Amino acid sequence: MTEQVRPPAGRYGPSAQWQHITEAHITEEAAVDLTGFKSNAVNFKLALWNPQPNGVRYLKALTFALGMRLTPANRERLRRTRHREVGRPYAVRCNGEPVCLDYLQAVHEVEFLAAQLPLDGAQVMEIGAGYGRTCHTLLSNHEVAGYTIVDLPNTLALSRRYLETVLTPEQFAKIRFVGVTEVDERVRGTRFDLCLNIDSFAEMDPGTVHDYLELIDATCDHFYVNNPVGKYLDETLDGHSQGAEVVRLALNSGLLRDVIDIHDSEAVREQAPAFVSAYRPAERWRCVAQDRAVSWSYYWQALYRADPEPR
């Protein structure tokens, strides 16, 4: 066993670790100027972990905090959605159940929908499904009649591979995968009880979004949207690490392009009316429910219902 050596400062002095911290970070000069000390190396040794090398730590902390607040009903939704470990997500354990942020968001989305309309027996279309986590969660918790995914070719290939892996053969057989070049041919003649768009309309050209809204008006009875309420230019979030051109492209996509403080709750709420108006497919559609979305500060969700067209 290694003998513990008392530091030279005496009985109540610093450990060797804190002696190093004092010499390297919390120096005498640190008390001279308080400008910025809460977001630099001084405070990263007193109260916070440096966010830049500790992104996974903060992601897991967020996931854990939200996971521990899941209602019993949402814990059951999560439990019924099997094989979530495929792809090795960053996950934590809450009340014995592994939780990742993707599926934590998915169960909240399903909860929001289930409170407003029957999902058993529904025909669903999702525009831009990512790798398929919402589809996976819906099919695992409701006897959906059919599920159509419309997406770009490479993303469609990913969701097809993933969903075939995590779903039962019976569940997977309910899914129809439609490329964006096939929409008019394979979608327009179908009626859907519900259309979903989660976090992709904000990344499309405005004209493309309007075309999809027209398609929704022509084919769907309900529409759920979960997207950002605006854009941001806070360079401290990611250092614009992907370059100025990527920032420019992001600022010019979507229908809602006002630059806001996305971590100001009132600024986000003030954008909600514009959000609800922008994503209303047509005049006959009414917003029947809306709220902040979990878990990002600047995301909003809304559900619309179409009034019957006059005969």
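Residues take their numbers from the sequence shown, with the count starting at 1. Quick caveat, the model's predicted, so the values are computed rather than measured.
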Any donor-acceptor N or O pair under 3.5 Å, side chains [X], [Y]:
X	Y	result
Asp199	Tyr299	yes
Ser140	Arg80	no
Ser15	Gln17	no
Asp151	Ser159	no
Asn74	Glu111	yes
Tyr131	Asp102	yes
Ser200	Asn197	yes

Name the orientation class of the two ring planes belonging to His25 and His20 (parallel below 30°, tilted from 30 to 60°, perpendicular beyond 60°).
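The rings of His25 and His20 stand perpendicular, inter-plane angle above 60°.
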Which word best sums up how the rings of Tyr298 and Tyr232 line up, parallel for under 30°, tilted for 30 to 60°, or perpendicular for over 60°?
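Because their plane-to-plane angle is over 60°, the rings of Tyr298 and Tyr232 count as perpendicular.
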Check: [Y] and [X] side chains under 4.5 Å, non-hydrogen atoms:
X	Y	result
Ser295	Gln105	yes
His210	Leu255	yes
Met204	Tyr212	yes
Pro169	Glu164	no
His222	Val124	no
Pro98	Arg84	yes
Phe112	Tyr224	yes
Leu194	Met125	no

Cation-pi check, Arg160 onto Phe177 ring (under 6.0 Å, within 45° of axis):
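Yes, cation above the ring, under 6.0 Å and within 45°.
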Distance under 6.0 Å and angle within 45° of ring axis: Arg280 vs Trp285
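No, Arg280 and Trp285 do not form such a contact.
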Kindly determine whether Glu203 and Ser253 satisfy side-chain hydrogen bond (donor to acceptor under 3.5 Å, both in side chains), including the steps that lead there.
CA-CA 5 Å; Glu203 298 174 344; Ser253 60; over 6 Å; no
Working to the nearest 0.5 Å, report the span between CD1 of Ile260 and NZ of Lys231.
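Spacing of CD1 (Ile260) from NZ (Lys231) equals 11.0 Å.
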Interatomic distance, Arg77 atom CZ to Leu70 atom CG [nearest 0.5 angstrom]:
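Result: 10.5 Å between the selected atoms.
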Taking Asp221 first and then Arg305, would you say they form a salt bridge - that is, a charged N and a carboxylate O separated by under 4.0 Å?
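A salt bridge is absent here (no side-chain N lies under 4.0 Å from a carboxylate O).
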